[in-house]
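Here is the structure we will look at.
Any value given below was found using the heavy atoms of this structure, including those in side chains, with hydrogens, waters and symmetry copies removed.
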Amino acid sequence: MDRADHAQRADGAGAVPWPAVALFVGTAVALAWLVALPLWLGDGLASPLVGVLLPVMMFAPGIATLVVCLIARVPGRGRGMRFLGMWPLRPAGRTIGFLVAAVFVPPLIVALTVFLSAALGLVRLDLVGFSGFAGALEQAGVDLSVVPIQAVVVGQLIALPLGALINAIPAFGEEIGWRGWLLSALRPLGVWPSLLVTGAVWGLWHAPIILLGYNFGRGDVIGVLLMVAGCMAWGVLLGWSRLRTGSVWPAVVAHGALNAAAGLLALLVAVGERPDPALVGPLGAVSWLVLAVVVGVLALTGQFRRDVLERPRDPRGVTG
């Protein structure tokens, strides 16, 4: 009996390889802090290095995945592609459908968050003159007498699918770690615990930049907790796509689409408004409500049932 067989529990699912999980999380977190260190030693988010270091930081979980596969050997030899959800892509039809949905659903959720926030009186929008966006462009020196602001906004919206695919490149660096390796390793905990724990780790991993004021504009523990909550909410949806298809690629594209749509509020906000990202941002409290409704509908229609999701596997690659 090899280690994988010995790890099998009576319910058919393997035990969580906690030493490997600790190595993965420790490596990903250490690399994130290492990449962010020049920002801490310099001008923070005002540093000209931000545009380079933040995309580089996104590859830290991918490097941690490589480390844990080589050192801890989880999963076992020859099982890595399937364990990480990179291959095979079957059933192909379902995976392709989820990939298409991954391009459009996150921007739709962000848009619903914006409009719900407006309906709740948390932000004022300008859907005619787009005065807030126009003001920002004028401050940046853009001449709007050549192209109407409405045409610019439409162009931005049309470009969202392309932006999702471009952003999917650095998003792969994260997702191969979060929804690829970590979620698979935690599957013996059960569907919901593995989804929520993965999301919590994802959120905490952002601490080096959240504490500098990224995303929520507050460099304190509350900012980190807001990020954890936002990542747990989005992590359930991204993780569900991973488990429902057996593929990490829908989560990769959805993560890219979320990042591409993060500035949607800036397109629609009225001039003079200062919306609180902790409430109305794509990771803010209103988005948690929208995501709760989406996840609730999925749960009520049986999409989180054990027999609907792919069968759990032992963290070393043995099917449960």
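- Atom CH2 of Trp87 has 12 or fewer neighbouring heavy atoms from other residues, nucleotides or ligands inside a 6.0 Å radius.
- Not a single donor-acceptor pair under 3.5 Å links the side chain of Thr198 to the backbone N or O of Leu195.
- When atom types are taken as modelled, the side chain of Trp288 and the backbone of Leu283 share a donor-acceptor pair closer than 3.5 angstrom.
- Residues Pro106 and Ala101 come closest through the heavy atom pair CD-O, 4.0 Å.
- In terms of modelled atom types and a separation under 3.5 Å, the side chain of Glu273 and the main chain of Arg124 share a donor-acceptor contact.
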For side-chain contact (heavy atoms from CB on, under 4.5 Å), just list the numbers for Phe115 and Leu127, CA-CA rounded to whole Å, side-chain angles, deciding distance to a tenth of an Å, and then say yes or no.
CA-CA 11 Å; Phe115 290 121; Leu127 304 180; 3.9 Å; yes

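- Atom CG of Asn215 is separated from atom CG of Leu45 by 9.5 Å, given to the nearest 0.5 angstrom.
- Val197 is linked by a side chain to side chain contact (heavy atoms under 4.5 Å, CB included) to Leu186, Val201, counting only residues two or more places apart in sequence or in another chain.
- Judged by distance alone, with hydrogens and angles left aside, the side-chain atoms of Glu175 form no donor-acceptor pair with the main-chain N or O of Gly180 at under 3.5 Å.
- The two residues Val103 and Ala164 make their nearest non-hydrogen contact at CG1-CB, 4.4 Å.
- Formation of a donor-acceptor pair under 3.5 Å by the Ser287 side chain with backbone atoms of Thr113 is not found in this model.
- Exactly one of Leu54, Leu53, Val50 qualifies for a side chain to side chain contact (heavy atoms under 4.5 Å, CB included) with Ile209. That residue is Leu54.
- Between the side chain of Arg94 and the backbone N or O of Arg244 there is at least one donor-acceptor pair closer than 3.5 Å.
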Using the rule given for side-chain contact (heavy atoms from CB on, under 4.5 Å), can you reason through Leu23 versus Thr27, listing the C-alpha separation, both sets of side-chain angles and the distance that settles it, and then say yes or no?
CA-CA 6 Å; Leu23 176 62; Thr27 302; 3.8 Å; yes

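- Panel note: side chain Asn167, backbone Asn259; no donor-acceptor pair is recorded below 3.5 Å.
- Ring geometry for Phe24 against Trp181 counts as parallel: the plane angle stays under 30°, on a 0 to 90° scale with 60° as the upper cut.
- Note that the CG atom of Leu258 and the CG atom of Leu237 stand 10.0 Å from one another [nearest 0.5 Å].
- The two residues Val253 and Ala168 come nearest to each other via the heavy atoms CA-CB, 4.2 Å.
- Stacking of Arg242 on the aromatic ring of Trp178 is not recorded, the 6.0 Å distance cut-off and the 45° axial limit not both being met.
- A donor-acceptor pair is defined here as one N or O able to donate and one able to accept, closer than 3.5 Å; such a pair exists between the side chain of Trp40 and the backbone of Pro208.
- Residues meeting the side chain to side chain contact (heavy atoms under 4.5 Å, CB included) test with Pro19, sequence neighbours left out: none.
- For the pair Ala266 and Val269, the tightest heavy-atom approach, listed with the atom from each and the gap, is O-CG1, 3.9 Å.
- Side-chain atoms of Trp202 never come within 3.5 Å of backbone atoms of Gly235 as a donor-acceptor pair (strictly under, hydrogens ignored).
- Following chains of ILVMFWY side-chain contacts shorter than 4.5 Å, one cannot reach Tyr214 starting from Leu37, and the two form parts of different hydrophobic clusters.
- Scanning both residues, Ala278 and Leu226, for their nearest heavy atoms gives CB-CD1, 3.6 Å.
- In plain terms, the two heavy atoms of Ala60 and Ala28 that are nearest each other are CB-O, 3.9 Å.
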Before you tell me yes or no, could you show the steps for Leu291 and Val236 under side-chain contact (heavy atoms from CB on, under 4.5 Å), namely the whole-Å CA-CA distance, both residues' side-chain angles and the distance that decides it to 0.1 Å?
CA-CA 9 Å; Leu291 287 162; Val236 170; over 6 Å; no

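- A donor-acceptor pair under 3.5 Å is formed between the side chain of Ser131 and the backbone N or O of Val271.
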Would Leu289 and Val293 satisfy side-chain contact (heavy atoms from CB on, under 4.5 Å), going step by step from the backbone distance to the final call?
CA-CA 6 Å; Leu289 295 176; Val293 172; 5.8 Å; no

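- Rounding to the nearest 0.5 Å gives a distance of 8.0 Å between CG of Leu211 and CG of Asp220.
- In this structure, CZ in Phe83 is found 4.5 Å from OG in Ser184, a value given to the nearest 0.5 Å.
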